[in-house]
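Quantities reported herein were computed from a predicted structural model and do not represent experimental measurements. In listed order, ligands and their atoms are each counted from 1.
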Amino acid sequence: MVIMTMTSPRAFLPVLERIAEEIERTPGRGRPADYIPALAACDPRSFGMAVAELDGTVYGVGEWRQPFSTQSVTKVFTLALDLAREGDELWEHVGREPSGNPFNSLVQLEYEQGIPRNPFINAGALVVTDRLQTRTGDAAGELLAFLRAESGNSSLDFDQEVAASETQHGDRNAALAHFMASYGNIDNDVPVLLDQYFRQCSVRASCADLALATTFLARHGIRADGTRLLTRSQAKQVNAVMLTCGTYDAAGDFAYRVGLPGKSGVGGGIIAVVPGRCAICVWSPGLDERGNSVAGVAALDRFTTLTGLSVF
Ligand code: GLU
């Protein structure tokens, strides 16, 4: 059933309101991530959802203006920022196939000579951040500047407590980085890279901020100020990798249920793109066993079902 009005400037608001009511009535919401202690205290019943349209109109329901820990959602933006600078050479250092393994797994790396499967597992994101660091001297700073510019929110910032907590519990990411360095696939000193990566993951932003920051992918590569970040073809590439690899090893199920390019993070956020139409961000910190927000996936599933919008 399609219940939106295409002529309204807030065409999807009735859909969002209906989804929020449905989610409110749903009992099970999963569990917040506990391997990063600073995230464990989140209330799994928190829920917010925002839509940003191509012209920068943004609106939402629930806690759509509440900042949360973006975590792996930022991997999309660092990928875009690096791809914009180095183009196809990036793909010699990171693949673009689903991994079929947990996001922080080491096992495939040895078989595949230190080339991670895709930019959205931790190993791949570390490679992307390393390459952005080499090109900019401050990968996390580039990311933050980009998010502030696209969202129009200059108060966005790193969360020092979350970054410190990840550094303290960062043995696995350190192992991934050192292992890839042994294959020559990391340029920077590992402690420098890890500091950049953990700060990148720690950025706090709301559904409104992230929906706006994702809109360049719905605009086929065009930023909020009208300048081009990615070629149309590169924007397609990023959207395609989100669809196939963006939701941990549940990307097949996400494509089946939602049918949009999406990227989730263990903070409970998920961004999604309707190419040529809008960007969406949903947040609810209770996760399923694969690491995706339970209410977030359910809400996006309902969004594409109610609107009939998907890439299929
Ligand atoms: N900072 C987290 C980590 O590296 C990100 C995980 C995620 O959101 O997938 O473990």
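- Using the six-membered ring where Trp is involved, Phe146 and Phe216 have ring planes that are perpendicular, over 60° apart on the 30 and 60° scheme.
- Contact residues of ligand 1 (protein heavy atom closer than 4.0 angstrom to a ligand atom; sorted by chain and number): Tyr35, Gln71, Ser72, Phe103, Asn122, Glu166, Asn173, Tyr197, Cys201, Tyr248, Gly265, Val266.
- Asn292 and Ser264 form a side-chain donor-acceptor contact under 3.5 Å, judged by distance and modelled atom types alone.
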Item to check | Test side chain to side chain contact (heavy atoms under 4.5 Å, CB included) applied to Val238 and Leu83, step by step | outcome: CA-CA 9 Å; Val238 174; Leu83 196 57; 3.8 Å; yes
Pairs of donor and acceptor atoms involving the side chains of residues 170-178, under 3.5 Å and at least two apart or interchain, shall be tabulated with distances.
from: Arg172; atom 1: NH1; to: Asn104; atom 2: O; distance (Å): 3.1
from: Asn173; atom 1: OD1; to: Asn122; atom 2: ND2; distance (Å): 2.9

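- With sequence neighbours excluded, the residues forming a ring pair (Phe, Tyr, Trp, His ring centres under 6.0 Å) with Phe179 are Tyr183, listed by chain and number.
- For Asp189, the side chain to side chain donor-acceptor pair (under 3.5 Å) criterion is met by no residue, not counting sequence neighbours.
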